[in-house]
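What follows is a short report on a single structure.
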There are 2 protein chains.
Amino acid sequence: MDVLIVEDDALHRSFLQEAVRAALPECGHVVEAENGASGEVQARSARIENVVMDLQMHERNGIEAARTIWRERPDTKILFWSNYSDEAYVRGVARIVPEGATYGYVLKSASEERLKLALRSVFIESQCVIDREVRGIQQKSLGNSLGLSDVEYEILVDVALGLTDKAIAHRKHLSLRSVQNRLQQLYEKLGIYETSGHGNEGWFNLRTRAVAVALSRRVLNASAIERAERDLKEASGSH
Amino acid sequence: MDVLIVEDDALHRSFLQEAVRAALPECGHVVEAENGASGEVQARSARIENVVMDLQMHERNGIEAARTIWRERPDTKILFWSNYSDEAYVRGVARIVPEGATYGYVLKSASEERLKLALRSVFIESQCVIDREVRGIQQKSLGNSLGLSDVEYEILVDVALGLTDKAIAHRKHLSLRSVQNRLQQLYEKLGIYETSGHGNEGWFNLRTRAVAVALSRRVLNASAIERAERDLKEASGSH
DNA sequence: CGCTGTCCTGCGGGAACCCGCAGATCTTGC
DNA sequence: GCAAGATCTGCGGGTTCCCGCAGGACAGCG
């Protein structure tokens with residue numbers, strides 16, 4: 001049994017190396033990669049089935065790497081090990097998990113014991129292990145009371161990319177008015193109206209304000225926008 | 001001579017602890033704090049003169065902590081130790097350095113030797129040490145050919161906050177048209193017109209697009225927006 | 001002094017945005 | 001089958017944004 005570690009911070013990498021060796025004495029090679037791109041290559045060439053993956057990395061982040069790895073071998077087991085439980089990351093991961101795949105999501109702030117336990121559970125027992133906190137974010141983002149639905153999230157991304165209503169309508173095969181309806185929904189959910197309603201009418205541009213709020217609530221982050229940007233270019237190129 | 005370490009990652013913190021002890025054998029206490037807020041408190045109570053500070057932290061980031069520390073004792077020597085050389089961080093640091101203060105900016109990707117050298121240079125020799133790469137960003141952001149000028153940066157932040165032109169005009173004591181002029185400048189500098197000029201007229205909302213581009217170029221980041229948000233609230237409260 | 005360059009300002013208009021209203025689907029459940 | 005709910009759509013309008021044009025203020029320079 002081999003394990004691939006994808007992590008761009010040297011200290012964390014060696015820490016992981018040790019943790020893996022300690023938690024999984026039965027495992028053979030432990031390969032390391034220091035960013036998403038080389039992680040994909042390693043996973044492919046070494047026929048890796050178990051991956052520990054950081055999310056925030058230079059060059060190519062963990063979500064993209066995981067996506068291509070899973071595209072090639074959907075039965076790969078991936079344990080995400082991240083500093084953040086930003087909704088943008090949680091949602092990004094949830095979006096790419098193949099049907100029936102086993103994965104885990106552990107925060108770096110968790111204890112070493114928790115990490116080791118997760119390593120065994122995911123790689124040996126093929127059991128999904130999601131950190132409490134991350135699970136909380138997931139729940140909240142699914143329960144449509146507070147969190148955004150998928151459609152709302154998608155239109156948020158489109159807006160954050162800087163697309164016009166017309167462009168979004170075209171892209172999503174909707175009428176202009178429908179796009180604007182969804183935008184109103186989005187503004188409602190993000191609470192844009194509260195902050196711009198009272199004494200300060202006309203002080204906020206709802207569209208840009210929504211992006212600002214989403215960013216500071218960690219619903220969006222720069223890497224999610226970049227990912228969307230690439231998808232956009234791809235789609236417009238093929239179309 | 002005492003040193004305060006402000007760093008929210010446990011591994012990095014113990015690594016720093018060791019590096020400081022090795023590089024500065026003459027130093028006495030080495031205090032640790034795991035976020036900006038407690039860092040401020042420690043610096044105040046322990047009368048610290050030398051600080052090693054991470055930038056990206058939960059709760060309260062390094063720039064804010066450094067600002068309050070320097071506000072209380074401008075002769076404190078601070079060595080920033082960060083993963084990123086984002087323009088937003090570089091500019092944020094440059095904005096808060098008091099006149100004549102000594103500080104350093106070292107990337108976490110640098111070698112341990114470089115870190116130790118920087119520790120000695122800053123704390124013992126009172127010499128400013130700025131990483132090559134960071135220096136490069138500084139230069140580029142100052143040379144107004146590519147980078148944004150201060151006015152352009154400020155209006156970018158205002159736009160990213162979601163303010164309307166009118167609100168910005170009011171805030172900055174300008175006419176509406178002047179704000180729009182500056183916006184045009186900004187769009188020019190960020191190259192918004194290139195991507196929305198050719199075949200795709202009307203596909204981008206310039207205002208939101210500018211924010212997207214600034215984010216992916218790392219001119220802006222979430223923490224810069226949050227900082228601006230707090231400044232805004234403060235200003236509108238006092239006014 | 002006049003010229004040039006830079007910045008601020010007002011005016012006007014076309015485009016995009018925000019949204020209430022109302023009708024048209026389509027699903028869900030009794 | 002029908003009522004209730006959610007979603008999509010067109011229409012109309014008020015507001016904001018984007019920007020060309022033109023004029024004014026001010027600094028630097030020969």
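Per chain, numbering begins at 1; letters A, B, ... match sequence-line order. Just so it is clear, the values below take in all heavy atoms, side chains as well, and ignore hydrogens, waters and symmetry mates.
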Rounded to whole Å, please give me the gap between [atom1] in [X] and [atom2] in [N].
X: B:R209; N: D:dC18; atom1: CZ; atom2: C1'; value: 17 Å
X: A:K172; N: D:dT9; atom1: NZ; atom2: P; value: 13 Å
X: A:I192; N: C:dC18; atom1: CD1; atom2: P; value: 11 Å
X: B:F204; N: C:dC17; atom1: CZ; atom2: P; value: 12 Å
X: A:L183; N: C:dA16; atom1: CG; atom2: P; value: 15 Å
X: A:R207; N: C:dC19; atom1: CZ; atom2: P; value: 11 Å
X: B:L186; N: D:dC17; atom1: CG; atom2: P; value: 15 Å
X: A:D165; N: D:dT9; atom1: CG; atom2: P; value: 14 Å

For A:Q180, which residues count as a side chain to side chain donor-acceptor pair (under 3.5 Å) partner, sequence neighbours excluded?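 Per chain and number, A:Q180 pairs via side chain to side chain donor-acceptor pair (under 3.5 Å) with A:D165.
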side-chain N/O A:Y187 vs C:dC17 OP1/OP2, d < 4.0 Å: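 Answer is no, no contact under 4.0 Å.
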Given C:dC17, is OP1 or OP2 found less than 4.0 Å from the side-chain N or O atoms of A:Q184?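 Answer is no, no contact under 4.0 Å.
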For [range], which residue pairs qualify under salt bridge (Lys or Arg N to Asp or Glu O under 4.0 Å), counting only residues two or more places apart or in two chains?
range: residues 173-187 of chain A; answer: none
range: residues 127-137 of chain A; answer: A:R114-A:D131
range: residues 78-91 of chain A; answer: A:E87-A:R91, A:R91-A:D150

Along nucleotides 8-15 of chain C, 5' to 3', which nucleotides get a B, which get an S, and which get a -, given that the test is a protein heavy-atom distance under 4.0 Å? SBBB----
Just by distance, no angles: are the side chains of A:S82 and A:K108 close enough, under 3.5 Å, to form a donor-acceptor pair?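 Note: A:S82 and A:K108 side chains miss the donor-acceptor criterion.
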A:A210: partners by side chain to side chain contact (heavy atoms under 4.5 Å, CB included), with sequence neighbours left out: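 Here the qualifying residues are A:Y187, A:L190, A:I192.
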